[in-house]
Every structure is written in structure tokens, then in C-alpha cells.
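Computed from a prediction, not measured in an experiment: that's the story for all the values here. Whatever order the structure lists ligands and atoms in, that order sets their numbers, starting from 1.
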Amino acid sequence: VSRTLRIDAVSYDLLDLSLRTTFRTHWKTIRRHSTLRVRLRAGDVWGEGEAYTMAAADGLATLRSLELEGFAPNVLLGRIPSIPGLASRSAVDIALHDLIARIEGKPVHDLLGLPRAAATTCVSVGLDEPAAMIEGARSWIAQGYPILKIKVTGATDLTLLEKVREMGGPSLRIWVDANQGFEPDRLSEVSEILRRSGVEIVEQPLPVGRIGEYAALRPRLGLPIYLDEEIRSAEDVVAAVVAGGIDGINVKLAKLGGIREALRAIRLARRHGLSILLGCFFESSLGISASTHLLALADRVDLDAPLFIERDPYSGLAIEGASIAPPGGPGLGVLASAAEG
Ligand SMILES: [Mg+2]
């Protein structure tokens, strides 16, 4: 990037999104929400980024307090750690990667030295009454989706997993995400039914802050444990390695503060033998596209937001059934729909 290039203009707003149906986990329920959107201009090139946060209004206030104009995009990328708020930082970081890649005329994955890769995403079944969850699973299976991530808690009647296995047959892959909803004793109690149902991984079973308990829990569970809410930085990956009993981490850009920190976390995790699940929040295709440029680094993929968002204001992701890949073209590669302008 030319040294004379500077950020000439910035704009921040909330992107109002709605889901096709209400989605519930152990600790939140979503139907309509707002994400943070960042636009940066250098010369006549724009870059855009997006990130989900439960505190979107606070995030917008953070963004509006930033003074990014006048900085060279490369310099700004190095200054990102000083932006408070991980989601705000992520939206700016993604916009900068989009901007720099567009200026250089290459896709973001190319800018990062990564190949363009496609992957099979799981689709999520939200918490509900067992009958509704089974119906939700049935619908995804009928549409040919090969991997389900089923949201559960310690209170969920897990015989529903056996019913889902029966419906999906031996080839269906089942992941379970507890979103911090278990106590170790309860998880040990249900470990038999989890294994019998052919569950492949169990995500974030315990509440955040109890990372020291996994080393003892892992042999009792007998299944791979992935951490999600617990991992918000590369340092958290180190903590997971030190604690032991952890098999993988869920990497979400908005949670980690953007592409740069996600890459640090991924490198550390790999070095210590942890697997990578590339995840997302309910962002539009703008935010999701940033993650698709990292697909070459993922062992498992949960980028199902485009299947849930109603009237996605961005298009261009290569999605066919459960197969997902980044758009072609420079930068993130997504296009704003006509209505967005
Ligand atoms: Mg999760």
C-alpha cells in the first residue's frame, strides 16, 4: 500500500437484521438485532466491516469516538489493539483488511497468504421444547444438511439426540453446544447418552471462568471439548493449553477483535495441537465473508448465519446447501444489495 494513502473518510452505523425465526441458547434469545458496521475510505476506495455485539449502541459510541482519519491504512492496522471493545475493534479490523485488499486488487485470503477454500458448515438447532428441536433437526436433515449443532443445557432431555440420530442415520454429524449450561456432574451423567448418540464434540459445557475443571472432566466425558465463550484472545488459548482437557476452540472474529487476533489465536492453538472451529454470530454476509477468507485454517466450520438472516443486505458468498466459500473478487468480495445503496 502506498505510503501516501490515508484514511480520508469514515462512517459507522448499526445494521438492523432480523432472523427467520427466534433463536435461543442457554443465555440469550435473538429475533431482531443490530450489528456494527464500519466504512473507511482511502482515496476513492472503500472498505467495509461488520461485527455483532450484544451492546451495539455502546459499540457505535466507541466507534464514533475514534479518530481514524489521516492515518495510513497499514499504520491503523497496527494501532487496532488500542481500540476499546472487541466487536468495535473487529469491525474496524475487517474494514481495514477489505480496504487494503481492494487497494491491492486481491481477495482478503490472498492478502493473508491463504488459499481460497470451501468448507461444509454445520447448521444450528436452537434451544426449545424437545419436540420443536426434533422438528428443527428433521427440517435441516430433509434439506440435506450433513452437520447439526444442537444447543442444549443441563436441563435438556437428551434423549432427543437419540431421536435425531435415528432420523439422520449413521452419516449425520452431530455437535452439541451447551453455551455454559452444564455442571460437571450432570455432564458426566449424560456422557453415556452423548456417546451413544454419536455426538462428535461438546462445546463450552461449563460456565466461563472454570477452565481449570476440564482436565478432570475430559476423561469422564470421553468426548472432545471445544471452548467458545472462554476464548476471547490469543492469551486465552494459552490458558486453555495450560489448563488441559481442551481439544479445540471456536474462533469468532467479533469475539476476538478481528482477523489479526484470530490468526494469532489460531496459530497458537495449532502449535499446541488444538483444533479450530471457525464460528460466527448472526452477522450479515458482510461480517461472515471475513470469516470465509480464513476457511483454509479451519477443521470445523459453523458459518450458518446466512441461512438464518432475513433479507441479507449483502450478497456474493458462495453458498450451496451447506457448502460455503468466500466470494471471488478483491477485498471481502461481497456486494451491498440495491436497497442498501
Ligand atoms: Mg458456541
Asker: Can you confirm whether the side chains of Glu135 and Ser139 place a donor and an acceptor under 3.5 Å from each other?
Answerer: no
Asker: Could you tell me whether the Mg ion (ligand 1) has an N, O or S atom of Asp177 under 2.8 Å away?
Answerer: yes
Asker: Determine, for Glu310 against Arg32, whether the closest basic-nitrogen to carboxylate-oxygen distance falls under 4.0 angstrom.
Answerer: no
Asker: Cation-pi check, Lys255 to Phe281: give yes when NZ or CZ is under 6.0 Å from the six-membered ring centre and within 45° of the ring axis, no otherwise.
Answerer: no
Asker: Under a 3.5 Å cutoff, is there a donor and acceptor pairing between the side chains of Glu50 and Tyr314?
Answerer: no
Asker: Has Asp228 got an N/O/S atom less than 2.8 Å from the Mg ion (ligand 1)?
Answerer: yes
Asker: Quick one: report the N, O or S atom of Glu203 that is nearest to the Mg ion (ligand 1).
Answerer: OE2
